[in-house]
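Note that the structure is a prediction, hence the values are computed from the model and not measured.
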Amino acid sequence: MSSCKRYLPCLILLLLHGGRGAVAGKVSAIVVFGDSSVDTGNNNFIPTIARSNFWPYGRDYDDGLPTGRFSNGRLATDFISEAFGLPPSIPAYLDNNCTIDQLATGVSFASAATGLDNATAGVLSVITLDEQLAYFKEYTDRLKIAKGEAAAEEIISEALYIWSIGTNDFIENYYNLPERRMQYTVGEYEAYLLGLAEAAIRRVHTLGGRKMDFTGLTPMGCLPAERIGNRDNPGECNEQYNAVARTFNAKLQELVLKLNKELLGLQLVFADTYQLLANVVNRPADYGFDNAVQGCCGTGLFEAGYFCSFSTSMLCENANKYVFFDAIHPTEKMYKLLANTVINTTLHVFM
């Protein structure tokens, strides 16, 4: 299902009433780069097995139809868009049902299973970060044709750019395949990835982007799939992976400070989602969850993507009781909590 079709009436109402809520005029659009945490359906349109455009994904999304989001409903970026008074669903750039007018208020270039490292995208043949940036350049050109140079430049400069990427570089690439481990220590690989992140941010800045959020890594060692794959302590969080997430986040925060000093007009913030998910995993009942160890789909231990569609007879009844929908990806309820962290980080900066 195309989210553009479903939420067209919302866009029309926004245009008719000429406003976007309490923060009208402060953020013109939400523009997203990243992986499955923010892919709203781009992988539907490329030849890869890294897809979720089938049931039970999307079970609780609007009218229960899958969109390509790796969750039972909306993603964090959808909630962020709504919080800024923009449409409640961010369309995928490769969805041909979306017009440039719809993409002008929000667009996702993200691709499930990708990473900062192009080699990570190659594992499942998905869209590289370089390709996402090329699509963004194409998008800016389309905006200029449709809206005129001045209006397009205002949209681009007032948009909020969200980066959610990096987890796959470790769990799908570095710790899963030998090549990068032979080339780099984990610290060297972190530095390599941060160099790629810096280059990407600089490219968007060159094209006019000014307001940006780079969301840090969550405790990836506590994903259900990583618990079951934890050879040293099966069923428990992989603390080695969590330690890597923390050190990467610390270095990312240093990069944020550096780029804010060096790039004229840049407002780059770091959103720390690590502690929130760690707290939820440690004390799920405090947040209204019953289960933070297994996903809602199948056994909840390893199923994701097509494996979830093979295990629908074991689907949980109420995804709101689960932190994770499959063995990797959060439920809509958890995504909303994560969104609140980003919203609280960005609103005071960009209002």
Side-chain angles (χ1 to χ4, degrees), residues 3 30-44 48 50-53 57-58 61 67-81 89-93 106-117 120-121 124 126-129 132 160-173 193 197 200 212-226 241 245 248-249 252 270-274 276-278 280-281 295 297 304-305 308 322-343 345-346:
S3 57
I30 305 295
V31 179
V32 184
F33 303 96
D35 53 29
S36 58
S37 61
V38 288
D39 181 356
T40 56
N42 284 307
N43 278 19
N44 300 353
T48 179
R51 292 187 180 188
S52 60
N53 57 334
Y57 292 103
Y61 182 95
T67 62
R69 288 165 171 80
F70 278 82
S71 188
N72 59 304
R74 289 196 284 164
L75 305 180
T77 42
D78 296 316
F79 291 111
I80 294 166
S81 178
S89 174
I90 295 180
Y93 184 68
V107 59
S108 174
F109 300 99
S111 179
T114 200
L116 290 160
D117 186 350
T120 302
L124 292 176
V126 298
I127 303 167
T128 66
L129 182 56
Q132 291 184 38
L160 171 59
Y161 297 83
I162 295 178
W163 308 80
S164 181
I165 192 168
T167 298
N168 293 325
D169 292 305
F170 294 102
I171 65 173
E172 181 183 320
N173 187 354
L193 295 178
M212 304 188 199
D213 157 70
F214 209 115
T215 302
L217 302 186
T218 57
M220 55 191 177
C222 292
L223 302 177
E226 301 312 318
Y241 290 7
F248 183 83
N249 286 345
L252 182 56
F270 169 82
D272 181 7
T273 54
Y274 182 98
L276 170 63
L277 188 55
V280 172
V281 167
C297 163
C308 268
Y322 285 72
V323 175
F324 298 99
F325 187 64
D326 63 19
I328 299 172
H329 305 98
T331 56
E332 179 183 70
K333 181 178 177 179
M334 187 64 230
Y335 270 129
K336 188 169 186 179
L337 292 176
L338 292 168
N340 289 339
T341 297
V342 178
I343 292 164
T345 301
T346 56

Legend entry - By side-chain hydrogen bond (donor to acceptor under 3.5 Å, both in side chains) - contacts of Ser164 (at least two apart): Ser37
Inset, instruction - Could you pull out all residues at least two apart from Ala121 that satisfy side chain to side chain contact (heavy atoms under 4.5 Å, CB included)? - result: Thr114, Val126, Thr128
Legend entry - Under 3.5 Å donor-acceptor, Ser81 side chain and Ile30 backbone: no
Legend entry - Set of side chain to side chain contact (heavy atoms under 4.5 Å, CB included) partners for Ala339, sequence neighbours left out: Ala76, Phe79, Ile80, Ile343
Legend entry - Test side-chain hydrogen bond (donor to acceptor under 3.5 Å, both in side chains) applied to Tyr274 - qualifying residues, sequence neighbours left out: Arg246
Inset, instruction - Go through Thr67 and Tyr61 one step at a time and tell me if the side chain to side chain contact (heavy atoms under 4.5 Å, CB included) criterion holds. - result: CA-CA 8 Å; Thr67 62; Tyr61 182 95; 3.6 Å; yes
Inset, instruction - Ignoring hydrogens and angles, tell me if any N or O in the side chain of Thr48 forms a donor-acceptor pair with the backbone of Leu124 under 3.5 Å. - result: yes
Inset, instruction - Return the set of residues passing side-chain hydrogen bond (donor to acceptor under 3.5 Å, both in side chains) with Thr120 (not counting sequence neighbours), or none when no residue passes. - result: Asp169, Asn173
Legend entry - Asp117 vs Leu193 side-chain heavy atoms within contact, under 4.5 Å: yes
Inset, instruction - Please tell me if the side chains of Ser89 and Arg69 come closer than 4.5 Å, counting only heavy atoms from C-beta onward. - result: yes
Inset, instruction - Give me the ring orientation class for Phe170 and Phe248: parallel if the planes are under 30° apart, tilted from 30 to 60°, perpendicular past 60°. - result: perpendicular
Legend entry - side-chain hydrogen bond (donor to acceptor under 3.5 Å, both in side chains) contacts touching residues 324-334 (sequence neighbours left out): Ser36-His329, Tyr57-Asp326, Asp326-His329
